[in-house]
Structure formats: structure tokens, C-alpha cells
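These notes are about the structure you will find just below.
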There are 2 protein chains.
Amino acid sequence: MIIVVSVSKVLLFGSILVKSVSGLWPIPQSYTSGSGNVMVDLDRLTIINSGCASDILSRAITRYSCLIKKEKFSPPLDYNISAISPVATLSRLEITVNYDNTVLNLDTDESYSLVVNNDGSSCLEANSVYGAIRGLETFSQIIVDNYGKKIIKNTPISIQDAPTFKHRGILLDTSRNYYSLDSIKRTIDGMAYTKLNVLHWHIVDSQSWPVESKFLPDLYKKGAYSLDMVYMHTDVTNIIDYARDRGVRVIPEFDVPGHTYIVGKAKPEIMSCLDVQPRWDLNAAEPPSGQLNIAKQGALDFTGNVLDEYASLFTDNVFNVGGDEVNRNCWNEDPYFIQYLSENPTEDVESVLRSYYAFVYAKVAALNKTPMCWEETLMHTNFSLPTNTIVQAWIDEASVPEIVNRGYRVVASPYTSSYLDCGHGAWLSNWVNGNSWCDPFKSWMKVYSYNPLVNITTPAARSLVLGGEVALWAEQSDEIVVDKLLWPRAAAAGELYWSGPYVPNTTTKRDINDAAIRISEHRFRLLARGIQAEPTQPLWCIRNPGHCNLPETLL
Amino acid sequence: MIIVVSVSKVLLFGSILVKSVSGLWPIPQSYTSGSGNVMVDLDRLTIINSGCASDILSRAITRYSCLIKKEKFSPPLDYNISAISPVATLSRLEITVNYDNTVLNLDTDESYSLVVNNDGSSCLEANSVYGAIRGLETFSQIIVDNYGKKIIKNTPISIQDAPTFKHRGILLDTSRNYYSLDSIKRTIDGMAYTKLNVLHWHIVDSQSWPVESKFLPDLYKKGAYSLDMVYMHTDVTNIIDYARDRGVRVIPEFDVPGHTYIVGKAKPEIMSCLDVQPRWDLNAAEPPSGQLNIAKQGALDFTGNVLDEYASLFTDNVFNVGGDEVNRNCWNEDPYFIQYLSENPTEDVESVLRSYYAFVYAKVAALNKTPMCWEETLMHTNFSLPTNTIVQAWIDEASVPEIVNRGYRVVASPYTSSYLDCGHGAWLSNWVNGNSWCDPFKSWMKVYSYNPLVNITTPAARSLVLGGEVALWAEQSDEIVVDKLLWPRAAAAGELYWSGPYVPNTTTKRDINDAAIRISEHRFRLLARGIQAEPTQPLWCIRNPGHCNLPETLL
């Protein structure tokens with residue numbers, strides 16, 4: 001793959017060379033351009049789907065046609081350019097999709113090619129409808145507003161593009177605080193605008209159970225914050241459909257056996273260490289404490305029922321069973337657990353946990369799902385995790401190569417660069433001088449500069465790195481602030497995992513100065529599309545690229 | 001003054017006693033209540049102004065009548081209470097204002113008393129319209145939604161209230177990024193809801209000059225981000241009027257001689273070190289560098305013209321002339337400045353700066369304004385600052401007693417507890433591993449727990465502490481995110497400076513557990529009033545006070 005960048009801005013300060021590629025985000029793998037300009041005739045614009053009969057593609061065409069007509073976005077660097085004289089008019093984009101397969105999973109082909117010629121002709125080719133959707137997004141981004149007209153600059157343009165990583169996600173925690181369906185859909189919109197493709201829906205946790213349950217309605221009737229704050233089955237399906245239309249998979253997480261206090265509202269008899277006070281800290285990572293009492297058959301039965309119900313509701317072939325932050329002390333001090341161990345002297349907490357996981361993973365396999373879990377299940381238990389499990393790293397960057405070394409597929413989300421809730425101070429009610437446990441705040445640059453391939457050298461090992469996620473845990477967030485916390489930082493992850501950490505065919509990391517220009521533009525594009533993304537810099541800095549750099553000698 | 005708290009929630013965990021006073025924010029100085037409940041008859045509700053002819057009060061009555069009718073706020077702790085049976089109906093609030101004076105300044109009397117009886121009768125008494133406005137806010141807060149009815153709980157209620165500090169402010173920086181008039185008005189609304197009374201409008205800085213100038217139109221024509229991003233004189237007056245109606249003073253800051261790069265767009269000939277690259281750091285605290293060349297008469301003339309124009313436009317009797325972060329090196333390396341010093345061998349940078357300040361403060365005095373400035377002018381120059389100057393501390397908490405020791409009135413805003421933009425990572429385009437200079441993030445608890453009276457012991461010395469401000473600098477904020485960055489943290493400052501750091505008549509700091517309950521409620525009240533305040537905790541914690549505390553042994 002060859003990258004040919006169109007240098008629209010070259011600014012030299014000391015040794016800093018700033019390049020900008022027409023503000024596309026994420027940057028395509030390969031891009032050639034010229035010096036022409038084409039005007040898009042909005043009144044006549046037709047996007048033609050030649051051949052593929054998919055409703056998904058038809059809806060995407062309608063959606064992007066509307067978006068292109070409605071959006072008023074002019075890049076911030078264009079604030080004082082003159083009116084552009086187009087050489088031709090574009091009124092037709094022809095889309096060819098080579099295969100009709102609309103299955104969306106880890107193996108979906110998202111590649112596409114997009115050409116806009118100087119005579120105004122244009123075509124988009126992809127192997128799948130999802131590749132075509134990625135290409136439509138790129139097509140929408142090359143069109144900018146110029147004195148009220150829609151212009152494509154730097155024609156002819158030829159783009160060959162494909163993702164570097166297959167799994168590019170956002171984790172959204174809807175348990176600590178509730179997120180409306182609208183805000184989840186808006187988040188999916190932002191993902192589509194940024195070529196992210198996995199919504200890791202951390203749907204339940206200790207604080208609330210906001211999803212309908214058929215097998216045990218008390219889970220949500222007693223566990224949701226209110227009956228207005230419940231995702232009914234129909235709502236979940238609606239979200240899954242909405243996401244699929246945008247090439248986004250929805251992978252649910254039902255975290256067991258920890259992070260389950262709220263189950264005790266419906267079934268206290270299968271729980272341990274429920275809301276221990278004031279020393280919750282000896283029983284959980286945060287209040288309220290509470291774990292499934294895995295020494296009880298009822299806890300296994302419950303887990304099985306959860307898996308049955310939600311593996312059917314959530315259609316993706318991957319199902320996340322959590323497994324993080326299991327607290328041994330919670331069980332060590334549980335009277336039933338103590339009694340059980342005394343009656344079963346060959347057992348201990350680890351063996352009981354191992355048996356529990358054996359049950360869970362057998363069930364996941366029986367349901368024809370690929371299991372996904374947090375790294376502790378692999379690294380901090382002696383359970384033999386099925387080798388097809390996708391393991392998510394969060395504790396530190398070194399976990400990623402470690403998981404690969406053990407032969408497992410990994411999704412990278414080390415908190416040090418991926419946790420977007422970090423750096424927001426303490427939230428425990430009385431902890432005046434407390435700070436965020438995962439300080440400092442993760443800037444877009446920090447997210448962008450993480451390299452999931454560090455210390456993973458062979459192609460075979462690298463192929464186990466499926467991609468990564470950024471995570472928005474919700475102790476201090478909800479639908480009111482979700483846009484600002486996700487965007488544009490999640491977009492930094494979007495480019496990291498789509499375009500890759502390296503300039504193609506090199507071992508050179510991508511240039512942060514170039515990214516700074518484009519992500520600032522992308523922030524304004526997101527704003528123009530109704531997503532309340534936060535500002536990255538003073539507008540003065542955005543308009544004067546390179547003038548707000550830290551001097552290299554001080555870096 | 002006696003405080004009698006109505007303990008509506010008493011929760012005991014270990015040694016933690018959690019008290020909540022009907023969710024009022026800020027908490028009144030004195031409050032007694034009973035166990036009755038009165039229903040507010042919205043259809044017949046009349047707020048009567050007996051005597052005072054002020055239009056300001058008439059408009060406040062209209063405003064609060066509408067707010068009470070429109071607002072749907074039920075405290076989060078009431079999520080599962082039963083329908084309340086009222087003992088009587090309230091349909092009339094009688095307001096008495098003792099003096100007609102509508103001047104709003106440091107000496108305005110904001111005290112009020114509010115009584116609601118069990119028979120539904122109620123009255124509000126104040127010495128000024130602004131006290132009445134504070135009382136109307138409290139009245140609006142005691143009314144909550146209960147099964148679709150408006151209820152006042154815990155009657156009879158008697159409140160005697162007055163501010164502890166006279167100056168309770170928010171600094172808003174509208175130069176690094178632009179804030180729409182709507183967002184400024186919404187900020188003023190939030191201030192009124194929180195009994196804050198000073199908008200410190202840091203209106204210009206190096207990055208943009210967003211305010212109309214009559215004497216030098218190029219200031220905004222070349223210095224505003226766009227002609228759509230200009231506060232015209234009429235806009236400023238509109239904001240001042242809007243703020244006054246809510247008992248909020250508008251103190252402008254025109255920062256000189258530093259932080260003035262943007263002046264160079266209109267008058268480069270009076271500037272030094274304009275946008276030095278790449279080593280801006282040797283010339284300014286942040287890019288772009290640029291200071292008035294105070295060795296030039298033109299810089300003094302310019303300053304005089306700025307003061308003339310804006311001291312007239314901004315009607316408050318206090319005028320802030322900045323004076324922070326003056327960079328000596330900028331002048332030391334300026335060819336004109338070097339030449340000037342060589343021709344005037346008795347002068348040096350400090351003496352030129354002293355002369356400049358002498359000119360500035362004489363001008364402020366001639367314009368009949370009380371000067372306000374940042375602490376450096378007092379502490380880091382050898383200029384004899386007029387003794388009527390109000391000095392704003394920001395560098396550290398120790399500056400506050402130091403300024404008082406020197407005999408000056410002080411407004412406290414140490415960055416360590418008052419800078420709401422802190423903790424958001426680096427914003428210089430290429431500083432991947434950089435953090436916020438003022439890390440960590442200032443949580444509401446950090447803001448709340450600051451005590452401006454520390455190390456100031458005598459009543460005379462304490463009387464020099466006029467109050468404090470929280471500051472929102474705008475490198476990483478704008479109107480899109482302003483609500484979540486200010487609220488509810490600025491409200492923490494609202495209670496700190498209104499109610500005071502101590503329980504009245506004691507040397508006991510106010511209880512953070514009690515505040516935690518009420519500020520969480522206040523956050524939802526702000527949401528109900530259209531301000532997008534950020535969440536403080538998982539809703540589970542808000543509904544279970546004391547259950548999300550750090551154990552005392554770990555504090």
C-alpha cells in the first residue's frame with residue numbers, strides 16, 4: 001500500500017513540518033489528489049447503487065444524501081479563503097458492491113475505493129455494503145461548504161482504504177448512570193462518522209440493571225433506576241438494527257461474577273457481601289459491594305438464564321462475560337461460602353471460581369457465541385480459558401503483548417490511554433482531597449499515540465491484536481455529558497485503529513502535528529452533525545497550525 | 001446568628017452522620033422548619049410586591065412565577081416517596097422591600113427573610129430588591145414536584161439569610177474561545193440559581209478581541225474570530241442589564257500590558273515580541289506571545305483609549321486591568337525597548353513598568369472606578385498600588401493572607417481550588433505526554449473545601465477578604481461545554497462564599513457529607529432549569545447517601 005499525501009498546508013517552524021490532508025478523519029490508507037475543484041450539485045445529486053439489493057445500503061444512501069444536503073461544514077482553516085471556482089459539477093456517485101453478504105462480524109470486509117474525477121464523475125467500489133458505508137462517510141467528508149456552495153477540493157481524488165484493525169470500539173457503561181436511547185444512537189452516529197465499528201455495551205453493573213429481563217422481571221423492576229430507565233427487548237433490538245445500518249456491531253457485556261450487587265435486589269439469596277459498609281473497599285473496587293455467591297447452584301442457574309436470554313437478544317457472535325475485579329475476600333468472609341468450603345475440604349475459592357468459569361464458558365460455547373472477557377480471567381485465575389476467547393486488556397499496556405504471548409486474541413484498552421472518564425477527580429462523597437484513580441485525563445493525543453503493537457513483532461503475533469477500544473465508565477458521566485467526553489477523543493481511537501499507528505509500509509509513527517490539524521477540523525464537523533464534541537484548543541491555534549506547539553527542545 | 005437544621009435524613013454508618021436540609025443550595029444562614037406540608041396552587045399563585053416600585057423586582061416576580069410553574073423538579077432522594085398530603089394551600093407570597101435603592105455594587109444588601117406558615121400564608125422581606133431576588137430563589141427551591149403537584153415540605157419554615165462574602169464570582173474567558181450571548185446569559189441564570197453575584201468577564205486576551213471598539217474598530221474587525229463573534233456595545237449593555245436583573249454585577253477585565261498579542265492585528269507598532277516562534281515560551285505563558293511595548297507613548301495612549309471606552313460601556317464601579325504574567329524577557333529582547341533603555345540610562349524594565357502602571361491607575365481613578373488586578377501587580381512589581389485596589393489572588397492559597405497583610409482587599413481564586421479548566425490534559429498541538437499545568441481536576445469537593453480565611457485571624461483582616469471566584473479559562477472550553485465545566489462546581493463556590501466555610505458562630509467547617517447530598521440535588525435542579533450540569537456520582541450513590549463514602553480510616 002502506498003500513501004501519497006496531498007500537502008495542503010506546509011508550515012515550517014524550526015524543524016516542525018505540518019502537513020494536512022484535506023481534513024479527512026480517519027486518514028485513508030492511500031490517497032492521491034490534484035489541484036482541481038468540483039462543485040456538488042445538491043439539487044441533482046444522485047447516489048446510484050448498481051447491483052447490490054441491500055436495504056442497508058439503500059438506507060445508507062438516503063442517510064448520506066440527506067446529510068450532505070443538510071450539513072453546513074467549512075473547515076476552520078478555510079475561514080478566510082476566497083470563493084472557489086469549480087472546474088466541473090458532480091451530480092452522481094456510482095456505488096458498486098461486489099458481494100451481497102450483509103453479515104457484520106469480525107471478518108467483515110470494510111475496504112473501499114473512491115474516485116472523484118476532474119470532470120465530476122465519481123465512483124465508489126466496495127466488497128461489502130459495510131465497505132460502501134465507510135466510503136460514503138469519506139465521500140461526505142471530502143465535500144465542504146464554500147460560500148454556500150458544496151465543493152470537493154483537490155480533484156482528481158483517488159482513495160484506496162481499508163481498516164488496519166478489525167475491532168475498533170467504544171465501551172459505554174449504562175449502569176452507573178443511565179443513557180437514553182437517543183444518546184446511544186447519537187454515539188453510534190459519531191462512531192459511523194469516525195469509522196469505529198464496535199459498541200461494547202457494558203449494559204449492567206452493580207449500580208443498576210437497566211435492561212428488561214423476561215426470565216426474572218424483578219431484575220429491572222427492582223434494579224433499574226426507574227421504569228423510564230429501562231432498555232426493553234424491543235429497544236435493544238432497535239439499537240442493534242440502528243448500529244448495523246451504520247456498520248457498527250453491538251457486543252453486550254454481562255459482567256459476572258463481580259460487579260453484580262444489583263442482582264441482589266431480585267435474588268438476594270444468591271449473593272455475597274451485599275453493600276458492606278463502611279468497608280466496602282475490602283469487598284469491591286467501588287461501592288456498592290456484591291458478588292454472585294458462586295458456591296451456590298442458584299448463582300450458576302442465574303448465570304445460565306442470563307446467558308440464555310441475552311445471547312438470544314444480542315445477535316452479534318461475540319458475547320462478553322466480564323470477569324474483572326473479582327474480589328476473593330467477599331467470598332472468604334461469606335458465611336455460606338465458609339460453610340461450603342468446610343464441607344468440601346478439597347475445594348478453595350480458586351477452585352470454585354474455576355468451576356464457575358467452566359460452567360460459564362461451556363454455556364457460551366453451547367450458545368454458539370465467541371466469548372470475550374477482561375484480562376483477569378486469563379491472567380489472574382488458574383482457569384483454562386478457551387483458546388477462542390477474545391481477551392480485553394485494561395490494566396496496563398504490558399498486558400497486550402502478554403495476552404498475545406499466551407496465544408489469545410486481544411482487544412487493547414489499557415486505562416493509561418483508553419479510559420475517557422479518567423482525570424475527573426474523586427466521586428466518593430466525602431473524599432475532599434481524592435483524585436481520579438486513573439489520573440491524569442487522557443487527551444486526544446494520549447489516545448492517539450498509544451501503539452497496540454508495541455513489543456509484538458511477528459506477523460502471526462500481530463494478527464492476534466484485533467484492535468482496541470476506548471471506554472467511558474459512567475461514575476461521573478451520563479447522557480448529559482456523553483458527547484463531550486467521547487468526542488473528539490474517541491475519534492482519535494478511530495484513526496488509531498482504522499489507519500493504524502504507523503505510516504503505511506513503514507515503522508514510523510503517524511505525525512501528531514498533522515493529526516492535530518485534522519482532528520480539530522473533525523471536531524467542528526462533528527458539531528455540524530449535531531454531536532456536542534469538546535474543543536481541543538483556542539480557535540487561534542487551530543487557524544495557525546504549528547504556532548501552538550511545545551518547542552521541540554522542551555518535549 | 002443561629003442555625004437550626006431540619007434533619008430530613010439521618011444515616012449512620014460507623015461514625016458518619018449525614019444530614020440534609022431540604023436540598024437548599026446554598027444553605028441559608030439560619031433555618032427552622034416543622035413537619036407540615038403545604039401545596040402550592042399554581043393556577044392561583046400570586047407573588048405580591050408591596051410597596052417597592054422597582055421594575056427589576058417586577059421582572060424578577062414574573063420570572064420566578066414562570067419558573068415555579070414550569071419547572072418539574074423532584075429531589076432524587078424522593079424517587080420512591082408516597083404522595084404527600086398537604087395541610088394547607090399556598091397561593092400568595094407577599095414581598096416587602098424596605099428600601100428602593102437599586103444600585104448594585106459591593107455594598108448591596110442581599111439579606112432576606114422568608115416565612116411559610118402551616119396555613120399557607122407566606123412572606124418575604126428584604127432591604128433591597130436584590131435581597132428579594134435572593135429570597136425568591138430560595139422560595140423557588142423549597143417548592144418541589146410530588147406526583148404532579150407542587151409541594152413545600154417541612155412547614156412551617158422560617159429562613160433568615162445573608163451572604164458571608166460580598167464578592168462571589170465566576171470568571172469567564174471569552175477570548176481563547178468564543179461564547180455566544182445565549183451561553184453567557186445561561187451562565188448568569190446559573191449564577192442566580194446559586195446566589196453568585198459577580199461575572200468577572202475576562203473579555204479579551206491574546207487570542208481574540210471579541211468586543212466592539214469605537215475608538216479603534218480594527219481591534220475587533222481584525223481581532224475577533226469572525227464578525228459573527230463580536231460583542232457589540234449593545235450586546236454588552238444587554239448582558240449587563242440581564243445580569244443586573246438577577247443581582248449579578250459584570251466586572252470587565254481588560255488585561256494589560258501582557259496577554260495582548262491580538263492588539264498587534266490593529267496596531268503592530270505598539271507591540272513587542274509578537275508571536276515569537278518556536279520559543280514563545282521565553283516570551284509568554286502560552287502562545288501567541290505579545291505584549292504592549294510600554295516604552296512607547298503609543299502603548300499608553302492605546303491603554304488610555306481602552307480605559308476611556310470600556311469604563312464607560314461597563315457600568316460597574318469596579319474595573320479590572322489585569323496585570324498577570326507580565327514577561328520581562330519580551331521587553332528585554334525588544335529592539336525598541338533596548339534602544340529606549342540605552343537612551344535613558346536611569347531607567348530599566350521595572351521603572352518603565354512602574355511608570356506604565358502609574359498611568360493606568362491614575363486613569364482608572366480619573367474615570368471614577370475602583371481598580372482590580374491580579375496579584376502580580378502588588379506582589380511582583382515595585383509599583384505602589386493604590387490602596388483602594390481589589391487584588392485577586394490566583395497563584396496559591398498563601399497569596400490571600402499575604403495580600404491582606406499588605407492591607408489590600410482581596411478576592412480569592414487560588415488555582416489549586418478555583419480553576420475549573422484544570423485537569424484536562426495538554427492542549428499544545430504536539431505535547432503528547434503533557435498534562436494540564438494545574439492538574440489535578442478540581443472536584444466540587446475541592447472547590448467547596450477551600451477556606452479563604454485560613455491564616456487570617458482578626459475581624460479587621462477578615463473584612464478585607466471580599467470573597468472569591470472560580471475561573472473558567474477557555475483554552476479547552478467554549479459555549480459547547482461551558483455548562484458542564486461550570487456546573488455544579490461553580491455552585492460549590494456559591495455556597496462557600498454565600499453560606500461561608502464555617503457553620504455559623506463556630507470554627508467548625510461545614511459538613512461535606514451534607515453538602516454532597518444537597519449539591520447532587522442541586523445538579524438535578526439545574527438540569528430541570530435547562531443548564532447541562534455534569535453528574536457528580538452514580539445515581540445509586542445519590543439515592544443512598546453515605547453509602548459511597550471513602551471509609552474514614554482511609555481518608
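By convention in this document, chain letters (A, B, ...) are assigned in the order of the sequence lines, proteins followed by strands, and residues within each chain are numbered from 1. Hydrogens, waters and symmetry mates play no part in the numbers below; they use all other heavy atoms, side chains included. The model shown is predicted, which means the values in this text are computed figures rather than measured ones.
Neither the backbone nor the side chain of B:Arg489 comes within less than 4.5 Å of any heavy atom of chain A. For A:Leu485, the part lying near chain B is the side chain, with the backbone staying farther off; criterion is any non-hydrogen pair under 4.5 Å. Looking at A:Leu527, only its side chain comes within 4.5 Å of chain B, counting heavy atoms on both sides. Only the side chain of A:Tyr261 comes within less than 4.5 Å of a heavy atom of chain B; its backbone N, CA, C and O stay farther away. Using a 4.5 Å cut-off between heavy atoms, A:Ser208 makes no contact with chain B at all. Of the atoms belonging to B:Asn435, it is side-chain heavy atoms, and not backbone ones, that fall under 4.5 Å from chain A. The part of A:Thr553 that comes within reach of chain B is its side chain, from C-beta onward, which places non-hydrogen atoms under 4.5 angstrom from that chain.
In terms of non-hydrogen atom pairs under 4.5 Å with chain B, the most contact-rich of A:Tyr225, A:Trp444, A:Tyr79, A:Tyr448 is A:Tyr225. Looking only at heavy-atom pairs under 4.5 Å with chain B, the residue among A:Ser226, A:Gly423, A:Ser520, A:Ser175 that has the most is A:Gly423. Among B:Asn80, B:Ile542, B:Val481, the residue making the largest number of heavy-atom pairs under 4.5 Å with chain A is B:Val481. Of the listed residues B:Val432, B:Ile512, B:Asp439, the one with more heavy-atom pairs under 4.5 angstrom with chain A than any other is B:Val432. Contact tally against chain B (heavy-atom pairs below 4.5 Å) for A:Ala474, A:Ser206, A:Pro287: the top residue is A:Pro287. Comparing A:Ser436, A:Gly434, A:Pro288 by heavy-atom pairs within less than 4.5 Å of chain B, the highest count is held by A:Pro288.
Expressed to the nearest 0.5 Å, how far CZ of B:Arg279 lies from CD of A:Glu552 amounts to 11.5 Å. B:Trp540 CH2 to A:Glu286 CD: the interatomic distance, rounded to the nearest 0.5 Å, is 10.0 Å. Atom CG in B:Asp483 sits 10.5 Å away from atom CD in A:Gln532 (nearest 0.5 Å). Rounding to the nearest 0.5 angstrom, the gap separating the SG atom in A:Cys541 from the CZ atom in B:Arg176 is 10.0 Å. If you take CH2 on B:Trp427 and CG on A:Leu550, they are separated by 10.5 Å, rounding to the nearest 0.5 Å. The distance from atom CD1 of B:Ile519 to atom OG of A:Ser429, rounded to the nearest 0.5 Å, is 11.5 Å.
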From CA spacing to verdict: side-chain contact (heavy atoms from CB on, under 4.5 Å), A:Lys446, B:Asn433: CA-CA 7 Å; A:Lys446 191 81 183 164; B:Asn433 291 311; 3.1 Å; yes
Test side-chain contact (heavy atoms from CB on, under 4.5 Å) applied to A:Asp281 and B:Leu554, step by step: CA-CA 10 Å; A:Asp281 59 299; B:Leu554 302 182; 3.3 Å; yes
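A pairwise comparison of heavy atoms in A:Asp275 and B:His547 identifies OD2-ND1, 2.6 Å as the closest pair. When every heavy atom of B:Asn549 is checked against every heavy atom of A:Asn430, the shortest pair comes out as CA-OD1, 3.3 Å. Closest approach of B:Gln277 and A:Gly546 over heavy atoms only: OE1-O, 4.2 Å. Taking every heavy atom of both residues into account, A:Leu428 and B:Gln537 meet most closely at C-NE2, 4.0 Å. Heavy atoms only, all atoms of each residue included: B:Asn177 and A:Leu539 are closest at OD1-N, 3.0 Å. Closest heavy-atom contact between A:Lys484 and B:Ile480: CE-O, 3.2 Å.
When side chains are defined from C-beta on, B:Trp431 does not count as touching A:Cys548, because their heavy atoms never get closer than 4.5 Å. Annotation: side chain of A:Pro551 is in contact with side chain of B:Trp280 (closest heavy-atom distance under 4.5 Å).
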